[in-house]
Amino acid sequence: MSFDINKIREDFPILKKEIYGKPLVYLDNAATTQKPLCVVEKISENYLNNNANIHRGVHFLSQVATEAHEAARETVRKFINAKHSREIVFTRGTTEAINLVASSFGRSQCKAGDEIIVSHMEHHSNIVPWQLLQEEKGIVLKVIPFDENGVLQLDKLDELITEKTKLISIAHVSNTLGTVNPVAEIITKAHSHNIPVLVDGAQSVPHMPVDVQALDADFYVFSGHKIYGPTGIGVLYGKEEWLERIPPYQGGGEMIQKVTFEKTTFNELPFKFEAGTPDYIGSTALAEALNYVSAIGMEEIAAHEQELVRYTLERLGEVEDIRFIGNAPKRSGLVSFLVGNIHPYDLGSIIDKLGIAVRTGHHCAEPVMAAFGIEGTVRASFGIYNTKEEIDILVAGVQRAAKMFRRK
Ligand code: PMP
């Protein structure tokens with residue numbers, strides 16, 4: 001399929017909605033994306049026709065649901081080019097996937113004084129799990145800084161890596177600055193010291209082709225709801241050797257082989273990490289979303305969104321007193337900005353009344369805000385269905401808000 005924006009917009013019924021009597025301009029895709037009809041229909045079809053608890057059921061419906069769930073795992077494997085589907089663990093999202101690694105890897109591989117390296121531009125979900133490990137185990141959390149453009153200072157990484165470094169955990173794309181981090185380079189450097197790397201792909205997987213084998217990532221995580229799939233489902237990719245090496249995250253059904261009060265043995269991969277009834281409705285709906293974007297083409301999606309970012313920077317650049325937060329040469333998916341002294345919340349509230357949905361605040365990345373000495377930003381973030389006309393509406397809205405505040 002070629003990139004047909006009109007056809008794509010037709011696939012998302014919510015885009016026809018009016019907000020305060022104005023057409024919805026949805027520019028909050030970094031928080032969550034809208035869902036195409038095929039994904040919504042997949043969910044209802046599953047509940048209406050194929051619903052039964054999966055694995056171990058001998059009856060027909062259970063087998064149908066099990067096959068659909070395992071086929072979804074294979075779809076995810078193909079989408080990120082993992083070697084085996086047993087390297088794909090379904091989680092509730094990026095946050096749970098990082099917590100899984102922090103807990104399992106942390107408990108089994110780290111002791112007091114060991115070091116984990118993150119960057120200064122991480123989402124709270126790639127900071128706080130490591131701080132919990134810090135409290136529990138006495139590990140040391142080290143931070144790669146970024147410069148005034150929001151580019152990681154990789155020369156500092158050499159100084160941060162020591163004999164005690166156990167893991168580097170880093171965002172592929174920053175959810176506040178839009179910076180695309182050189183994760184392949186970081187992984188190569190880390191591996192030369194035998195250090196594994198976790199990549200937070202929450203803001204990359206929806207916007208560019210990702211190949212976990214080409215990157216040689218040890219762990220790679222993302223959320224279904226940011227790539228046109230349902231909420232409550234996400235993915236942890238882990239290299240088989242690592243998933244074999246680290247212990248289960250949660251205990252319960254599904255993840256065991258045999259339970260006695262004397263000794264319990266664990267299930268094989270990936271089930272060892274999937275305690276309880278899996279979200280087999282969510283997994284199949286996520287697969288539907290991945291098939292949907294694959295049919296359009298991730299390269300085509302990346303090109304479309306790159307053009308939207310370029311156009312937004314050009315058009316918003318016309319606004320008096322605009323300040324862009326994050327000016328990395330390699331960026332993706334979003335633009336963060338401030339106008340004069342207008343509080344981001346005020347700006348967001350005014351343009352909301354024009355039907356424009358943007359996010360304002362710290363975007364769950366308070367250390368980024370602290371580094372710039374600001375409270376928050378206004379963030380416009382893009383998806384496959386956004387258009388230049390919508391960016392024109394955004395710019396007109398921002399101009400109008402700025403004028404109102406200048407008059408005051
Ligand atoms: N990491 C990044 C870079 C994100 O942008 C987000 C979502 N804003 C998360 C992690 C957390 O994702 P979720 O809430 O879906 O678990």
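Sequential numbering from 1 along the given sequence is applied to the chain's residues. Read the numbers this way: they start at 1 and go in the same order the structure lists the ligands and their atoms.
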Distance in Å, [X] [atom1] paired with [Y] [atom2], rounded so as to fall on 0.5 Å steps:
X	Y	atom1	atom2	answer
Leu141	Ile116	CG	CD1	8.0 Å
Trp130	Phe105	CH2	CZ	7.0 Å
Ile127	Gln131	CD1	CD	6.5 Å

Please identify which atoms of ligand 1 are closer than 4.0 Å to at least one heavy atom of [X].
X	answer
Thr95	11 (C), 12 (O), 13 (P), 14 (O), 16 (O)
Ser223	12 (O), 13 (P), 15 (O), 16 (O)
Ser125	1 (N), 9 (C), 10 (C), 11 (C)
Gln203	3 (C), 4 (C), 5 (O)

* Among the heavy atoms of Asp200, does any lie under 4.0 Å from an atom of ligand 1? ->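 Heavy atoms of Asp200 do come under 4.0 Å of ligand 1.
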
* Asked: Does His363 come within less than 4.0 Å of ligand 1, judged by its heavy atoms?
  ->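 False for this residue.
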
Classify the contact between [X] and ligand 1 as side chain, backbone, both or neither, using a heavy-atom distance cut-off of under 4.0 Å.
X	answer
Lys226	side chain
Ala171	neither
Glu96	neither
Thr94	both

* Take His362 and His124, measure what ring-ring contact (aromatic ring centres under 6.0 Å, His included) needs, and give me the verdict at the end. => CA-CA 10 Å; His362 56 60; His124 294 163; 5.6 Å; yes

* Asked: Does the ring center of Phe146 lie less than 6.0 Å from the ring center of Phe372?
  ->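 Centroid separation for Phe146 and Phe372: below 6.0 Å.
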
* Trace of the ring-ring contact (aromatic ring centres under 6.0 Å, His included) decision for Tyr249 with Phe273 -> CA-CA 6 Å; Tyr249 172 51; Phe273 291 104; 8.3 Å; no

* To do: Please say whether more than 12 non-hydrogen atoms of neighbouring residues, nucleotides or ligands are located less than 6.0 Å from NZ in Lys189.
  =>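 Result for NZ/Lys189: enclosed.
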
